[in-house]
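Working notes, beginning with the structure itself.
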Amino acid sequence: MTRDRHDGTKRAEILAAATQRFGRDGYEHTKWADVAADVGVGPTALYHYFESKQHCLYVIMDEAIGDFQRRFTAITTGSPDPLEALSCVLDDCFDLTEQDIMRNRVLVSEQGLLSVSRPSPREEEARRAARSRARELEFAWASLLAGAMRAGTLPESDPRLLSRALLGLYNSVWQWYRPDGIHGLRSIADFFHGRALAMIGIGPEGVTRTRMVA
């Protein structure tokens, strides 16, 4: 049991270090040995936890999508008003730690790799898991929007296409946002919230907004 806890802690340290490296320096420019040095182990020790740098990347992407999915589900499940739930989700998706932001940057930068199959069984398993979770999240967004349309609180349109547009707008933030940039995350969240509502055909006065905790 002690060894299992140690392995779990070390694996989490590797994922955190890799996320920082991939997010700051870029996945292609990060050496696997650099990640090992950051967590204080030899390069070969990493293979106890991950088969390769790309295997590690897929796990990071899967966890990023999984966390978003869990938060989305917690907010929307059982909500009587799908539009109000959507407004809460739009705010919640900017309530992020520095590590969350770096992970989002990695996810957006390297998401194209999810469409390319891998010859390694472990890499392919991790890739498929992340890709499947991404599809589930997209379906959840589309279902929420479709529910709002059925309730008559959202103009009729293609919910799947609309969900992709919203997610595309959100993902674009992490291509350029930097914590030390001229725009703070709070102001970006406010800007995104209004534009996202406008995209789906709702003015800012159309929902009750829950402010994000700074």
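Heads up: numbering here begins at 1 and tracks the sequence. Only this structure's heavy atoms are used, side chains among them; waters, hydrogens and symmetry mates stay out.
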**OP:** Check whether any side-chain N or O of Arg105 sits under 3.5 Å from a backbone N or O of Gly23 as a donor-acceptor pair, and report yes or no.
**Re:** yes

Original post:
Do Arg103 and Asp67 have side chains that get closer than 4.5 Å, going by heavy atoms?
Top reply: yes

Subject >> Audit row: Arg118, Glu125, salt bridge (Lys or Arg N to Asp or Glu O under 4.0 Å) steps and yes/no >> reply: CA-CA 9 Å; Arg118 300 293 299 171; Glu125 180 182 11; over 6 Å; no

Original post:
Is the side chain of Ser163 donor-acceptor paired with the backbone N or O of Arg160 at a distance under 3.5 Å, no angle test?
Top reply: yes

Original post:
Can you say whether the rings of Phe94 and Tyr170 are parallel (under 30°), tilted (30 to 60°) or perpendicular (over 60°)?
Top reply: perpendicular

Subject >> Contact check, side chains of Met149 and Leu162, non-hydrogen atoms, under 4.5 Å >> reply: yes

Original post:
Taking the side chain as C-beta and beyond, is there a heavy-atom pair between Ile200 and Leu86 under 4.5 Å?
Top reply: yes

Subject >> Short side-chain donor-acceptor distance under 3.5 Å, Ser52 and Glu123 >> reply: yes

Original post:
Could Arg186 and Asp190 be called an ion pair, given the rule that one side-chain N must be under 4.0 Å from one carboxylate O?
Top reply: yes

Subject >> Carboxylate-amine/guanidinium contact Glu13 Lys10, below 4.0 Å >> reply: yes

Original post:
Cation-pi between Lys53 and Tyr27: NZ/CZ under 6.0 Å from ring centre and within 45° of the ring axis?
Top reply: yes

Original post:
Within the distance-only criterion (no hydrogens, no angle test), does the side chain of Thr153 pair as donor or acceptor with the backbone N or O of Leu83 below 3.5 angstrom?
Top reply: no

